[in-house]
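Worksheet: the structure to be examined is printed underneath.
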Amino acid sequence: MFTIGDFARHGRVSVRMLRHYDATGLLRPAHVDPASGYRHYTAGQLARLNRIIALKDLGFTLQQVRDIVDEKVGPEELRGMLRLRRAELETAMAAAAARLVQVEARLRAIESEGHMPTNDVVIKSVPAVRVAELTATAASFQPEDIGPVIGPLYDELFRRLDAAGITPTGPGIPYYEDAAEGGGRITVHAAVQVSAPLQVSAPLQDGTLLQDGTPLPDGIPLQDGIPLQDGTFRILDLPSLDEAATIVHRGSMDTVLPTVQALARWIDANAYESTGYPREINLECPENRDDWVTELQTPVTRS
């Protein structure tokens, strides 16, 4: 038999953890000296300890671990539990990867502080353009809130344009405005340049599914367009901008923050002030998002 210290070393766990497992009934010592109270374990108990640690590392609760190692959970139920845990871990990994991208973008923004762009920013007028669009509401203007909204919108818009026999004649033009309900929420316009007659559609109800049956993210109901199965969308003339401060961003829009802030610093340093959210002109959108080229157009006026 092993003392609790020896067993802890062999099992690569702490003595304190073994005492906790004993107290909760998850792993009892094989023998407890009645005089000294010292715990002793057998080599055969290492197998149970290994299973406990492996299941804990997968994120199962101690009660779930106990049910599994005591064989109170059947094979099919265990497979279901493991599939569910795998899905949870994949979701957590995706969220962590997205947060890492935002941290890196914020770091680049910090590193670029004090470096004022000169040749990169151009003041120009932007002509009116006819677009087809769908809109939705995002919780905020942060990239992690905009991305999950605008992607499904564009997928659906292009599907509906194709069904209507309309071919885009220019780039995608996402643009934004404060939502009527306030609270920092943003109306997201997924627009693309087209050559087609003006068309206005009726409101679309909350809870509508995309064409492939995928629900829109919670709390993000479409605001324009009629039910998706009818295939209708909105066509309008996007107004011209008398003056816009423009800059080109190269890379995924998940990493746009340093470019946005460089443009903001230029606007402030050159006695302009912005009068709205920037439009995003999708100049190049290859499959690899890191190779995207996007022009930001912020409407400005002299301060």
**Study point:** Heavy-atom side-chain contact between Q193 and P171 under 4.5 Å
**Key:** yes
Practice item. Quick one: do H40 and I4 satisfy side chain to side chain contact (heavy atoms under 4.5 Å, CB included)? Show the steps, please. Key: CA-CA 6 Å; H40 294 83; I4 190 171; over 6 Å; no
Exercise for review: Would you give the length of the straight line joining atom CG of L238 to atom CD1 of I173, rounded to the nearest 0.5 angstrom?
Suggested key: 6.0 Å
Review point. Between atom CZ of F233 and atom CG of L153, what is the distance when rounded to the nearest 0.5 Å?
Key: 14.0 Å
Review point. If we ignore angles and hydrogens, is there a donor and acceptor under 3.5 Å between the side chains of E280 and H249?
Key: no
**Study point:** Given D22, L18, V13, the one that forms side-chain contact (heavy atoms from CB on, under 4.5 Å) with L27
**Key:** L18
Practice item. Return yes if a side-chain donor-acceptor contact under 3.5 Å exists between Q297 and Y175, otherwise no. Key: no
Review point. Which value, rounded to the nearest 0.5 Å, describes the distance between R39 atom CZ and R28 atom CZ?
Key: 9.5 Å
**Study point:** Within-4.5 Å side-chain heavy-atom neighbours: I123 and Y272
**Key:** yes
Review point. Under a single-linkage definition using a 4.5 Å side-chain heavy-atom cutoff for Ile, Leu, Val, Met, Phe, Trp and Tyr, are V126 and V248 assigned to the same hydrophobic cluster?
Key: no
Practice item. Would you kindly confirm whether L49 and V32 end up in one hydrophobic cluster when ILVMFWY residues are joined by side chain heavy atoms under 4.5 Å apart? Key: no
**Study point:** Same apolar cluster (I L V M F W Y, side chains within < 4.5 Å links), L241/V129
**Key:** no
Exercise for review: Output the distance between atom CG (D33) and atom NE2 (H31), rounded to the nearest 0.5 Å.
Suggested key: 5.0 Å
Point to revise | Residue pair T137 / E181, side-chain heavy-atom distance below 4.5 Å | key: yes
Exercise for review: State, with a plain yes or no, whether a side-chain heavy atom of Q64 is found less than 4.5 Å away from one of R85.
Suggested key: no
Check your understanding: Measuring from R250:CZ to D291:CG, what's the distance to the nearest 0.5 Å?
Key -> 10.5 Å
Review point. For F7 and T42, what are the C-alpha separation, side-chain angles and deciding distance, and is it a side chain to side chain contact (heavy atoms under 4.5 Å, CB included)?
Key: CA-CA 8 Å; F7 190 72; T42 65; over 6 Å; no
Review point. Can you tell if the side chain of D155 reaches within under 4.5 Å of the side chain of R159, non-hydrogen atoms only?
Key: no
Practice item. Kindly indicate whether the side chain of R289, heavy atoms from C-beta on, has any atom under 4.5 Å from the side chain of W292. Key: yes
Check your understanding: Is it the case that R66 and Q63 place a side-chain donor and acceptor less than 3.5 Å from each other?
Key -> yes
Point to revise | Close side-chain approach of I53 to R12, heavy-atom, < 4.5 Å | key: no
Revision key, fill the gap. Looking only at heavy atoms, the pair that brings T298 and S274 closest together is CG2-CB, 3.6 Å
Point to revise | Single-linkage hydrophobic cluster L58~I68, side-chain heavy atoms < 4.5 angstrom | key: yes
Point to revise | Short side-chain to backbone donor-acceptor contact, R130 and I235, under 3.5 Å | key: no
Study note, to complete from the structure: Given the options I281, I150, I146, P174 meets side-chain contact (heavy atoms from CB on, under 4.5 Å) only with I150
**Study point:** Single-linkage hydrophobic cluster V69~Y41, side-chain heavy atoms < 4.5 angstrom
**Key:** yes
**Study point:** Worked verdict on T167 versus L161 for side chain to side chain contact (heavy atoms under 4.5 Å, CB included)
**Key:** CA-CA 7 Å; T167 301; L161 285 174; over 6 Å; no
Check your understanding: Other than M93, which residues form its hydrophobic cluster under the rule that side-chain heavy atoms must be closer than 4.5 Å?
Key -> none
Review point. Are the side chain of D162 and the backbone N or O of F158 linked by a donor-acceptor pair below 3.5 Å?
Key: no
Point to revise | Flag, side chain of S140 to backbone of G184, donor-acceptor distance under 3.5 Å | key: no
**Study point:** Distance-only side-chain donor-acceptor flag, Y277 / D178, under 3.5 Å
**Key:** yes
Practice item. Tell me, yes or no, whether the heavy-atom count around R302 atom CZ, taken from other residues, nucleotides or ligands under 6.0 Å, exceeds 12. Key: yes
Practice item. Working to the nearest 0.5 Å, report the span between CG of D67 and CZ of F60. Key: 11.0 Å
**Study point:** Within 6.0 angstrom of F141 CZ, more than 12 heavy atoms from elsewhere
**Key:** yes
Exercise for review: Go through the steps to decide whether L296 and V256 satisfy the test side chain to side chain contact (heavy atoms under 4.5 Å, CB included), and finish with yes or no.
Suggested key: CA-CA 10 Å; L296 306 181; V256 75; 4.0 Å; yes
**Study point:** R48 side chain vs L26 backbone, donor-acceptor pair below 3.5 Å
**Key:** yes
